[in-house]
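What you see is a predicted model, and the numbers here were worked out from it, not measured in a lab.
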Amino acid sequence: MPESTTSRTDSSPIPGLDFENIFIKAPIGVFTSTPEGRYISANPAQARMLGYQNPEELIETVTDIATQVYADPAEREEFMRLMEEQGEVFNHECRFRRRDGTELWVSSNVHAIRGEDGQIVVYQGLTTDITERKKAEESLREREEKYRLIFNMGVNAMFLVDNDTTQILECNNKASQLFGYSPQELLSMKMTDLSTTPEVTQQACRENVAKRERVYQKKDGRLLSVEVTSEHFYLANRAVHIAAIADITDKKQAEEALQASEDRFKLAMDASRDGVYEWDLETREIYYSPGWKRMLGYEPHELPDDFSVWENRTRPEDVKKSWQMLQEVVEGKRERFELEFEMQHKDGHWIHILSRSNIYKDASGTPVRVIGTHVDITESKRQREYLSLSESRYRKAQALAKVGNWEYNLKTTEYWGSDEARKIFGFDPDKDSFSSEEVENCIIEREKVHQALVDLIENGKPYNLEYNIITKNTGKLKTIVSIAEIEKDGARNPVKVSGVIHDITERKRYEQQLSAALNEKEVLLREVHHRVKNNLAAIISLMDLQRRKLKDAHGQDILIELSNRIRAMSLIHEKLYRADLLASIDFHDYSQALVSHLRIAFGSPGIICRVDAPGITIPLDLASPCGMIVNELVTNALKYAFPDGTPRPGNTECRILVRLHRDKDTYTLTVADNGIGWPPGFDWARTQTLGITLVRMLGQHQLGGQYLVDQDNGTSITLTFIDRKE
């Protein structure tokens, strides 16, 4: 070895230092080589490092270090360039190749020795095998790269944070995307800068909490609900932690929405009168909502969530039907469960329940859950039954009355008819609607009916028609009465005509028969009145003949009065014979004729007789007794009220008034005169004369009336009675 490798500054040898032994036994390679690429010397460690048995074999075999020792000759060129420029290298790393071709990494410390001309003569240096270290470094680098790749490509935002300062040391791209800051901005920030609760975040960074939820803030001010998962460790004696931050904003919102939905569901279940149940077929557990229990009259705490609750409160036959239907749904014979049954209320009465449910299956098709509702339909069922009964009664009433209702849609020009309406027209009983053409084909007087319908729609003219139709199915002639009105929408536009039709065919036939019978009866009645009038006239004539033969004046007066009474009755029959109506007579006309006859009969032309009963007609059963009363009272007035033909003092004319007044079913008949009145002490209620007795009997007993007598100015007798047939 050249002397320069062992020289010291003071050129004094170290006593006892065995350089040869150190050279041979050194654990690292020691060598001397030429710039041309040959080894001059090498220790055993250098030979073993390159795969040779001893230094001699190495020196003899290696003739070109660049190609036989360097894995890449370019690295030899780089080494020589550095040596030329610097004269030495320290910890120069490069790849060598062993004799067997395997590679190793070495670290060299080499310096150049130059000659007098300044040219490099030899290289002297030390070589250390750093292959294991390089492998460790490569493995570490690969792990770091892998971890960095994981760090950057993670689905969550990743931060490497200093525990004490909360300074962000590293962050991945997801962190930048999540918070809206660039990586450079985040690396200049602390975790507390992102938190809405910095003190809590700073404390959490110092505590090894595996997982927690926090609210952080994005760069634009929006808040994020996040879940932070962290792992604390030491990095180069520095307390740090890696924080994985997952955005759970949507999850929190979904949880809040779910919680709100569950709260609303619970409130709805508490408030609802309908019941909800959920039955787990695997565990046999069942849930009844509060509304389900209240529907049966129980508070939620009074009934357990047990399947027997339903079975014990449902009619046995309904339980059997429920199981049967459930089995059919499970077997796929039915799409869903829907059944009405009865359950017993807490107070003992039975309520009608409509049960609907769905059966849910697992992936293998096995039924696992039943969810359904119970609705109390007791009231609606009662209303449906009442409606059905009402509809039945309505149809029966229409059938009995032969009245049907119909509707005409102005947009579709289609008719709808009730059962009876379709029956009247002879339409198909199973067809609700029919065309306007079908209706018109049944109507004989089409133009009249069509015009009436147009007048109703366009002008609002009342629609009330009687016309004949030919039924569609039998071709029979029918007479109907149709009444209709128009229906309008919110804009007052006509949209529909609704009406009723009444089959009056039978009524018209009966009316015709009755009209014929009435005509015959009227002819007979007129004939009867005519014959009665003639017979009474014959009796009056006979009595007149008899009166003329009597010499006794009193007897003649009696016959005259009797004739007048008969004439009063005869006059009624004469009026009825000539009247348009046979049931009643014009009382004014009748009284006028009766009073005129009496005035002439008693020869009293100076007495003024007036009748006041304008427009009043009176039935036959009232006309006869009223006529007799008028006859008797007017006769008495003509005979006794005006002696010597003079009225009561203070009056200039002799007057007799006959008045009949009617107020609803009450009649008031008055016969008054202004004569001298009754003699003192005269009690008309006790008088037994035939005329007064006849007046009392007819008024009080036959007519059931009450008399009022007034003698302030002559004599006024008023009878008030009621037509008891009204």
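With sequence neighbours left out, His352 forms a ring pair (Phe, Tyr, Trp, His ring centres under 6.0 Å) with no residue at all. Taking Phe307 as the reference, Trp279, Trp310, Trp323 meet the ring pair (Phe, Tyr, Trp, His ring centres under 6.0 Å) condition, with sequence neighbours excluded. Checked against salt bridge (Lys or Arg N to Asp or Glu O under 4.0 Å), Glu36 has no partners two or more places apart in sequence or in another chain. Evaluation of the side chain to side chain contact (heavy atoms under 4.5 Å, CB included) rule for Arg76 yields Ile65, Ala66, Tyr70, Phe79, Met80, Tyr123 as partners, not counting sequence neighbours. Listed by chain and residue number, Gln253 satisfy the side chain to side chain contact (heavy atoms under 4.5 Å, CB included) test with Asp250 (two or more places apart in sequence, or in another chain). Annotation: salt bridge (Lys or Arg N to Asp or Glu O under 4.0 Å) contacts of Arg334 (sequence neighbours excluded): Glu328. In this view, Glu213 and Lys252 satisfy the salt bridge (Lys or Arg N to Asp or Glu O under 4.0 Å) rule, not counting sequence neighbours. Taking the ring pair (Phe, Tyr, Trp, His ring centres under 6.0 Å) definition, one finds that His301 meets it with nothing, sequence neighbours left out. Under the rule for a salt bridge (Lys or Arg N to Asp or Glu O under 4.0 Å), the partners of Arg238 that lie at least two apart in sequence or sit in another chain are Asp162.
Distance alone, capped at 3.5 Å, is enough to place a donor-acceptor pair between the Ser289 side chain and the Val276 backbone. The backbone N or O of Tyr181 lies less than 3.5 Å from a partner atom in the side chain of Ser176, making a donor-acceptor pair. Distance alone, capped at 3.5 Å, places no donor-acceptor pair between the Asn91 side chain and the Ser107 backbone. Looking at Ser195, its side chain does come within 3.5 Å of a backbone N or O of Thr197 through a donor-acceptor pair. Side-chain N or O atoms of Asn43 include one that pairs as donor or acceptor with a backbone N or O of Phe23 at under 3.5 Å. Looking at Asp376, its side chain never comes within 3.5 Å of a backbone N or O of Met295 through a donor-acceptor pair.
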Could you check Arg222 against Asp220 for salt bridge (charged side-chain N to carboxylate O under 4.0 Å, His left out), going step by step and ending with a plain yes or no? CA-CA 6 Å; Arg222 286 183 294 167; Asp220 59 11; 2.8 Å; yes
After noting the C-alpha distance and the side-chain angles of Asp318 and Arg313, does the key distance pass the salt bridge (charged side-chain N to carboxylate O under 4.0 Å, His left out) rule? CA-CA 10 Å; Asp318 289 337; Arg313 285 163 178 78; over 6 Å; no
Evaluate side chain to side chain donor-acceptor pair (under 3.5 Å) for Gln383 paired with Glu379, printing each intermediate quantity in order. CA-CA 6 Å; Gln383 291 179 355; Glu379 182 63 23; 3.3 Å; yes
Determine, step by step, whether Glu78 and Arg81 satisfy the salt bridge (charged side-chain N to carboxylate O under 4.0 Å, His left out) criterion, reporting the C-alpha distance in whole Å, the side-chain angles of both residues, the deciding distance to 0.1 Å, and the verdict. CA-CA 5 Å; Glu78 177 64 16; Arg81 185 185 66 78; 2.5 Å; yes
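Remark: Glu231 CD is loosely packed, at most 12 non-hydrogen atoms of other residues, nucleotides or ligands lying under 6.0 Å away. Under a cut-off of 6.0 angstrom, the local environment of NZ in Lys218 is crowded, with over 12 non-hydrogen atoms contributed by other residues, nucleotides or ligands. In this structure, Asp117 places its CG atom where more than 12 heavy-atom neighbours from other residues, nucleotides or ligands lie under 6.0 Å away.
For residues 182-211, no residue pair satisfies the ring pair (Phe, Tyr, Trp, His ring centres under 6.0 Å) rule, not counting sequence neighbours. Applying the salt bridge (Lys or Arg N to Asp or Glu O under 4.0 Å) test to every pair with at least one member in residues 87-96, sequence neighbours left out, gives these pairs: Glu75-Arg95, Glu93-Arg133, Glu93-Lys134, Arg95-Glu103. Note on residues 51-61: pairs passing side-chain hydrogen bond (donor to acceptor under 3.5 Å, both in side chains), not counting sequence neighbours, are Glu57-Arg99.
Thr34 and Arg38 form no side-chain donor-acceptor contact under 3.5 Å, judged by distance and modelled atom types alone. Side chain to side chain, Gln259 and Glu255 fail the donor-acceptor criterion of an N or O pair below 3.5 Å.
Between Arg369 atom CZ and Glu285 atom CD the span is 9.5 Å, to the nearest 0.5 Å.
A salt bridge (Lys or Arg N to Asp or Glu O under 4.0 Å) with Arg356 is found for one member of Glu340, Glu338, Glu335 and no other, namely Glu338.
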